[in-house]
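All values reported here derive from a predicted model rather than from experimental measurement.
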Amino acid sequence: MYWDVKKVQPLPDYQIQVDLEDGRRGIFDLTPYLEHGQFRDLQDLSYFNQVGILFGAVTWPNGQDIAPETLLAGLQTTTSLSTGPS
């Protein structure tokens, strides 16, 4: 799908940089989620840094994930990726 994450990288201050299949790139801040439910595990930076991708979604080993609509709504777009020659 157009919103599928193809690359994710942990950043300082509980942020992640994501590259989407549609060419968008941006930063998502997880700070507002760290005090809620299973997202509390992400307060451990060594665990937070284990962020990955499963079926196009941002995930962590214990099952935390960011819903696509949440990711898109909170994504601070930094640039668009080049999709090749025009």
Side-chain angles (χ1 to χ4, degrees):
M1 297 188 111
Y2 72 93
W3 53 260
D4 279 356
V5 175
K6 67 178 190 176
K7 182 178 178 185
V8 62
Q9 177 181 354
L11 300 174
D13 300 323
Y14 300 103
Q15 296 181 342
I16 54 173
Q17 178 174 303
V18 296
D19 295 352
L20 302 176
E21 286 292 337
D22 68 359
R24 286 182 284 176
R25 171 182 281 168
I27 295 175
F28 185 84
D29 184 7
L30 283 122
T31 305
Y33 302 89
L34 297 177
E35 296 295 327
H36 303 281
Q38 67 181 22
F39 285 103
R40 289 183 177 140
D41 291 348
L42 301 181
Q43 293 176 19
D44 176 348
L45 283 176
S46 64
Y47 182 71
F48 179 83
N49 290 332
Q50 295 179 45
V51 64
I53 302 168
L54 183 63
F55 303 118
V58 174
T59 63
W60 284 266
N62 290 343
Q64 297 92 343
D65 64 359
I66 305 297
E69 57 274 9
T70 301
L71 180 68
L72 291 174
L75 192 66
Q76 299 298 311
T77 305
T78 54
T79 59
S80 291
L81 302 175
S82 173
T83 56
S86 325

For residues Tyr33 and Leu42, determine if any side-chain heavy atom of one lies less than 4.5 Å from a side-chain heavy atom of the other. no
To the nearest 0.5 Å, what is the distance between CH2 (Trp60) and CG (Asp44)? 13.0 Å
Please check if Leu11 and Phe39 belong to a single hydrophobic cluster, counting links between Ile, Leu, Val, Met, Phe, Trp and Tyr side chain heavy atoms closer than 4.5 Å. no
Using a 3.5 Å distance criterion without hydrogens, assess whether the side chain of Asp22 forms a donor-acceptor pair with backbone atoms of Arg24. yes
Show the atom names and distances, to 0.1 Å, of all donor-acceptor pairs under 3.5 Å that link a side chain in residues 47-57 to residues at least two apart or in another chain.
residue, atom, partner, partner atom, Å
Tyr47, OH, Asn62, N, 2.7
Tyr47, OH, Gln64, OE1, 2.6
Asn49, ND2, Leu45, O, 3.1
Gln50, NE2, Ser46, O, 3.4

Using side-chain heavy atoms (C-beta onward) and a distance below 4.5 Å, is Phe28 in contact with Val58? no
With a 4.5 Å heavy-atom cut-off, do Val5 and Ile66 have their side chains touching? no
Shared ILVMFWY cluster between Val8 and Leu71, side chains joined below 4.5 angstrom? yes
Output yes when a side-chain donor or acceptor of Arg40 lies under 3.5 Å from a complementary backbone atom of Leu34, and no otherwise. no
Test of understanding: clusters of I, L, V, M, F, W, Y form through side-chain heavy atoms closer than 4.5 Å, transitively. Do Ile16 and Tyr14 belong to the same one? yes
Taking all non-hydrogen atoms of both residues, which atom of Thr31 and which atom of Asp13 are closest, and how far apart? OG1-O, 3.5 Å
Working note: Gln17 + Lys7, criterion side-chain contact (heavy atoms from CB on, under 4.5 Å); need CA distance, chi angles, decisive distance, verdict. CA-CA 8 Å; Gln17 178 174 303; Lys7 182 178 178 185; 5.8 Å; no
